[in-house]
Amino acid sequence: MSTLRVAVIGAKGRIGSEAVRAVEAADDLELVAALDRDDRLDALTDAGVQVAVDLTHPDAVMSNLEYVVGQGIHAVVGTTGWTPERLAALEGWLAAVPGTGALVAPNFSIGAVLTMRFAQQAARWFESVEVIELHHDNKADAPSGTATRTAQLIAAARHQAGRAPQQDPTTHGLQGARGADVDGVPVHSVRLRGLLAHQEVLFGGTGETLTVRHDSLHHSSFMPGILLAVRTVPTVPGLTYGLEHYLAGTDGTEGI
Ligand SMILES: NC(=O)C1=CN([C@@H]2O[C@H](COP(=O)(O)OP(=O)(O)OC[C@H]3O[C@@H](n4cnc5c(N)ncnc54)[C@H](O)[C@@H]3O)[C@@H](O)[C@H]2O)C=CC1
Ligand SMILES: O=C(O)C1=N[C@H](C(=O)O)C[C@H](O)C1
């Protein structure tokens, strides 16, 4: 059986070190490069890498991907900090090297992907919605990539259903008390030692509320999604945004 030659960039980090172990443990994958800060990206081409997994930092990911994609190496990206402009830049790099694929996944855990889907489904039925994301105390970015994507999906579903934008009733208060505004959805970020990655989506209607909650309790929660992505990305040229697009049909069903 031929193995897929894989690199992890950000290999010494919290999720990167877990990804190194997961790739090493997979019979059909071979970890041929494990890079961290100050390592030369040339090591990827020297090692004949076919798929590179980026788990670094929003400040580092774009230059890493420009190199990776430019070399025709497929990319699996968990690093956060994505904006429409960044996605467009990545699409441009991919277009210049036809046949190369990249998956950008705000979250690799199946429960988080389902949370986003459930939130999207519920969005049109409720007047009010707020997102609370809770993470460990070393997280560089806020709101989280998952919360940002969740809010964007909710906002799009509300818009599609013809729902008016939410009105904020606050007339008195402290700056920031109502969270960040992501496409009209308030997103609140908690940073707390002891936590890993958690999210609640709170919906409110007349006389009722609905809460969709997900908890990642260990970095192992992201590994099945990362391994699936590594195996799939060589077969899907161009940019894919969201692991849900790779989940469709993997178990013989229509997917998420
Ligand atoms: N999509 C998902 O499911 C998940 C995404 N993440 C994201 O992954 C990223 C990393 O998270 P953590 O592991 O918690 O951070 P971390 O700070 O523990 O690890 C990041 C690693 O990247 C390294 N690094 C920084 N710049 C680099 C560069 N230019 N080249 C190579 N390595 C570089 C650092 O030295 C560090 O070892 C964050 O953006 C986080 O939000 C984290 C967990 C799940
Ligand atoms: O930094 C983290 O830990 C995580 N980052 C991703 C995000 O910002 O959504 C995914 C998950 O929440 C863990």
Side-chain angles (χ1 to χ4, degrees), residues 7-22 33-44 49 52-68 73 75-83 86 102-116 119 131-153 180 182 187-201 213-230 233 240-247:
V8 175
I9 313 177
K12 294 181 180 167
R14 277 175 288 271
I15 183 166
S17 53
E18 188 78 22
V20 163
R21 284 190 287 277
L35 308 188
D36 206 90
R37 198 188 294 276
D38 300 332
D39 289 332
R40 289 166 50 84
L41 290 170
D42 291 357
L44 301 176
V49 169
V53 183
D54 192 291
L55 300 165
T56 59
H57 189 281
D59 291 344
V61 64
M62 293 309 282
S63 50
N64 288 346
L65 290 178
E66 186 170 15
Y67 178 86
V68 164
I73 298 170
V76 169
V77 187
T79 309
T80 46
W82 289 94
T83 60
R86 284 181 167 219
L103 171 73
V104 175
N107 202 305
F108 286 108
S109 89
I110 185 76
V113 174
L114 284 166
T115 300
M116 288 186 257
V131 177
I132 306 174
E133 56 95 342
L134 310 91
H135 280 80
H136 58 87
D137 58 339
N138 286 306
K139 186 164 175 58
D141 54 312
S144 70
T146 308
T148 302
R149 185 69 184 139
T150 305
Q152 289 168 343
L153 291 169
V182 179
V187 180
H188 310 268
S189 297
V190 176
R191 297 291 174 264
L192 200 69
R193 184 154 301 202
L195 295 182
L196 200 171
H198 317 260
Q199 177 165 289
E200 285 188 356
V201 186
R213 180 174 171 115
H214 174 254
D215 299 275
S216 266
L217 305 171
H218 189 270
H219 280 98
S220 55
S221 62
F222 306 110
M223 295 308 124
I226 288 181
L227 295 180
L228 171 73
V230 166
V233 71
T240 304
Y241 189 37
L243 184 70
E244 60 276 17
H245 301 289
Y246 282 9
L247 292 169

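Whatever order the structure lists them in is the order used to number ligands and atoms, beginning at 1.
- Set against the non-hydrogen atoms of Pro106, the atoms of ligand 1 under 4.0 Å away are 1 (N), 2 (C).
- Interatomic distance, CG of Leu243 versus CD1 of Ile110, reported as 7.0 Å (0.5 Å rounding).
- By the 3.5 Å distance cut-off applied to N or O atoms, Phe222 is not counted among the residues near ligand 2.
- For the side-chain contact (heavy atoms from CB on, under 4.5 Å) with Thr240, the lone residue among Leu103, Val233, Val104 that qualifies is Leu103.
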Step-by-step side-chain contact (heavy atoms from CB on, under 4.5 Å) determination, Val131 to Val182: CA-CA 10 Å; Val131 177; Val182 179; over 6 Å; no
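- Among all protein heavy atoms, the one lying closest to atom 33 (C) of ligand 1 is Arg37 N, 3.5 Å.
- Those atoms of ligand 1 that come under 4.0 Å of a heavy atom in Lys139, given as number and element, are 41 (O).
- Residues Ser216 and Phe222 have side chains in contact (heavy-atom distance under 4.5 Å, counting atoms from C-beta outward).
- Each of Val49, Val77, Leu65, Leu44 was evaluated against Ile9; a single residue qualifies, Leu44, per the side-chain contact (heavy atoms from CB on, under 4.5 Å) test.
- What sits closest to atom 12 (O) of ligand 2 on the protein, heavy atoms only, is His135 NE2, 2.6 Å.
- Protein heavy atom at the shortest distance from atom 14 (O) of ligand 1 is Arg14 NE, 2.9 Å.
- At a 3.5 angstrom cut-off on N or O pairs, Pro58 does not count as close to ligand 1.
- Nearest non-hydrogen protein atom to atom 7 (C) of ligand 2 is Gly145 N, 3.4 Å.
- Nearest-heavy-atom check against atom 9 (C) of ligand 1 across Thr56, Thr80, Ile15 picks out Thr56.
- Contact atoms of ligand 1 toward Ala60: 26 (N), 27 (C), 28 (C), 29 (N) (distance under 4.0 Å to a heavy atom of the residue).
- Residue Ala105 places a heavy atom under 4.0 Å from ligand 1.
- Residue, atom and distance of the protein heavy atom nearest to atom 19 (O) of ligand 1 are Gly13 CA, 3.2 Å.
- Checking side-chain atoms of Thr79 against main-chain N and O of Thr56 turns up a donor-acceptor pair under 3.5 Å.
- Shortest contact from atom 9 (O) of ligand 2 to any protein heavy atom: Thr146 OG1, 2.5 Å.
- Atoms of ligand 1 lying under 4.0 Å from any heavy atom of Ile9, numbered from 1 in the order shown and given with element: 31 (C).
- Looking at ligand 2, you'll find an N or O of Lys139 within less than 3.5 Å of one of its N or O atoms.
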Audit row: Val68, Asp54, side-chain contact (heavy atoms from CB on, under 4.5 Å) steps and yes/no: CA-CA 10 Å; Val68 164; Asp54 192 291; over 6 Å; no
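- Not one N or O of His136 is nearer than 3.5 Å to an N or O of ligand 1, by distance alone.
- Residue contacts with ligand 2 for Ser144 involve both N, CA, C or O and side-chain atoms from C-beta outward (heavy atoms, distance under 4.0 Å).
- Applying the 4.0 Å criterion to heavy atoms of Phe108 picks out, from ligand 1, the atoms 1 (N), 2 (C), 3 (O).
- Contact of the Val187 side chain with the Thr148 side chain is not registered, since no non-hydrogen atoms from C-beta on lie closer than 4.5 Å.
- Side-chain atoms of Gln199 and Thr150 include a donor-acceptor pair closer than 3.5 Å.
- In the candidate list Pro106, Ala105, Ala197, Pro106 is nearest to atom 6 (C) of ligand 2, counting heavy atoms.
- Taking each of Ala140, Gly78, Ala229, Ala112 in turn, the one with a heavy atom nearest to atom 7 (C) of ligand 1 proves to be Gly78.
- The distance from ligand 2 to the heavy atoms of Thr80 drops below 4.0 Å at these ligand atoms: 6 (C), 7 (C), 8 (O).
- When each of Leu55, Val20, Val8 is paired with Ile15, the side-chain contact (heavy atoms from CB on, under 4.5 Å) condition holds for Leu55 and for no other.
- Annotation: side chain of Met116 is in contact with side chain of Asn107 (closest heavy-atom distance under 4.5 Å).
- Closest to atom 3 (O) of ligand 2, if we only count protein heavy atoms, is His136 NE2, 3.1 Å.
- Atom CG of Leu196 sits about 7.5 Å away from atom NE2 of His135, to the nearest 0.5 Å.
- Side chains of Phe108 and Leu228 form no contact here, defined as non-hydrogen atoms less than 4.5 Å apart.
- In terms of N/O distances under 3.5 Å, ligand 1 is not approached by Ser109.
- Atom 35 (O) of ligand 1 has its nearest heavy-atom neighbour, among Asp59, Asp36, Thr146, in Asp36.
- When each atom of ligand 1 is checked for a heavy atom of Asn107 under 4.0 Å away, the hits are 1 (N), 2 (C), 3 (O).
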Arg86 and Val61: CA distance, side-chain angles, deciding distance, side-chain contact (heavy atoms from CB on, under 4.5 Å) verdict: CA-CA 10 Å; Arg86 284 181 167 219; Val61 64; 3.7 Å; yes
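- A donor-acceptor pair under 3.5 Å links the side-chain atoms of Glu133 to the main chain of Ser144, judged by distance alone.
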Check against side-chain contact (heavy atoms from CB on, under 4.5 Å), His218 and Glu18: CA-CA 10 Å; His218 189 270; Glu18 188 78 22; 3.6 Å; yes
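- Near Asn107, meaning under 4.0 Å from one of its heavy atoms, ligand 2 places the atoms 10 (C), 11 (C), 12 (O).
- When non-hydrogen atoms are compared, ligand 1 lies under 4.0 Å from the side chain of Phe222 (C-beta onward) but not from its backbone.
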